[in-house]
Amino acid sequence: GLKTMPDANAIRAELLQEEDILRVILEQHQRILDLFIGVRAAQGDARTDALRELRALLVVHETAEQIAVRPVTTELLGPDFVEQLGRAETEVTQAIGLLEDVPPEQGQFDENLDALEAMVLDHFYVEEAEELPALLDQ
């Protein structure tokens with residue numbers, strides 16, 4: 001019979017989807033970093049709300065990455081690298097927990113917020129410098 005050619009449209013759709021996923025991830029990174037600014041700028045209840053929004057977006061973001069990206073990353077960069085990312089994400093989750101235990105008007109809150117932001121920045125850097133380029137290259 002005729003040899004079927006790979007469907008160029010299907011391949012293109014898949015690539016587009018991957019680029020879409022990467023764009024969404026990068027947009028979420030930016031949104032999360034903007035929310036840190038929002039938490040700092042807000043006071044009282046507004047600060048608690050901003051923190052809740054930050055937490056929600058971080059959770060959604062990490063979940064999306066684990067489902068959409070990590071299986072591919074495991075193949076490309078190996079399980080050790082993915083485990084390292086997972087550990088960083090666990091630390092971020094714990095750091096958010098610490099933040100939520102402190103009233104937002106306390107000095108300790110700001111210290112915890114700085115620590116969380118530093119962790120998130122490090123984590124995003126690893127993703128953007130190592131994980132996402134590997135996904136784009138494949």
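None of the values given here were measured: they were computed from a predicted structure.
- To the nearest 0.5 Å, atoms CD (Glu117) and CG (Leu33) are separated by 6.5 Å.
- Considering Glu83, Glu75, Glu131 in turn, Glu131 is the only one that fulfils the salt bridge (Lys or Arg N to Asp or Glu O under 4.0 Å) rule with Arg70.
- Distance CD/Glu127 to NE2/His61: 5.0 Å, rounded to 0.5 Å.
- Between Asp45 and Arg52 there is no salt bridge, since no side-chain N of the basic residue sits under 4.0 Å from a carboxylate O of the acidic one.
- The two atoms that bring Gly44 and Pro104 nearest to each other are O-CG, 4.1 Å, heavy atoms only.
- Under 3.5 Å, the side chains of Glu91 and His123 contain no donor-acceptor pair of N or O atoms.
- Only one option out of Val102, Asp101, Leu98 pairs with Gln108 in a side-chain contact (heavy atoms from CB on, under 4.5 Å); it is Val102.
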Exercise for review: Test Val82 against Gln66 for side chain to side chain contact (heavy atoms under 4.5 Å, CB included), laying out the working first.
Suggested key: CA-CA 10 Å; Val82 170; Gln66 281 159 10; over 6 Å; no
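- No path of Ile, Leu, Val, Met, Phe, Trp and Tyr side chains, each step under 4.5 Å between heavy atoms, connects Val120 with Ile25, placing them in separate hydrophobic clusters.
- Of the inter-residue distances, the one linking Leu54 atom CG with Asp49 atom CG reads 12.5 Å to the nearest 0.5 angstrom.
- Annotation: Gln43, atom CD; neighbour count of heavy atoms from other residues, nucleotides and ligands within 6.0 Å does not exceed 12.
- Leu76 and Leu26 fall within the same hydrophobic cluster, defined by Ile, Leu, Val, Met, Phe, Trp and Tyr side-chain heavy atoms under 4.5 Å apart, directly or through other members.
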Exercise for review: I would like to know whether Phe36 and Arg40 meet side chain to side chain contact (heavy atoms under 4.5 Å, CB included); could you show each step before the answer?
Suggested key: CA-CA 6 Å; Phe36 274 103; Arg40 280 207 176 77; 4.2 Å; yes
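- When the side chains of ILVMFWY residues are joined at heavy-atom separations under 4.5 Å, either directly or via intervening members, Phe81 and Met119 end up in two distinct hydrophobic clusters.
- Leu35 and Tyr125 end up in different hydrophobic clusters when Ile, Leu, Val, Met, Phe, Trp and Tyr side chains are linked at under 4.5 Å.
- Between Phe124 and His29, the ring-plane angle classifies as parallel under the 30° and 60° cut-offs.
- Linking Ile, Leu, Val, Met, Phe, Trp and Tyr whenever their side-chain heavy atoms come within less than 4.5 Å puts Leu136 and Leu85 in one cluster.
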Check your understanding: Going through the distances and angles, do Val60 and Gln28 end up as a side chain to side chain contact (heavy atoms under 4.5 Å, CB included)?
Key -> CA-CA 9 Å; Val60 166; Gln28 285 183 349; 4.3 Å; yes
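- Across all their heavy atoms, Leu116 and Val92 have their closest contact at CD1-O, 3.7 Å.
- Summarising the geometry of Ala42 relative to Arg47, their closest heavy-atom pair is O-NE, 3.2 Å, with the distance given to 0.1 Å.
- Between Leu135 atom CG and Thr73 atom OG1 the span is 4.5 Å, to the nearest 0.5 Å.
- Here Asp34 does not pair with Arg31 in a salt bridge; the nearest charged N to carboxylate O distance is not below 4.0 Å.
- Here the CD1-CG distance, from Ile32 to Leu57, works out to 4.0 Å after rounding to the nearest 0.5 Å.
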Exercise for review: Quick one: do Thr93 and Ile96 satisfy side chain to side chain contact (heavy atoms under 4.5 Å, CB included)? Show the steps, please.
Suggested key: CA-CA 5 Å; Thr93 306; Ile96 294 171; 5.6 Å; no
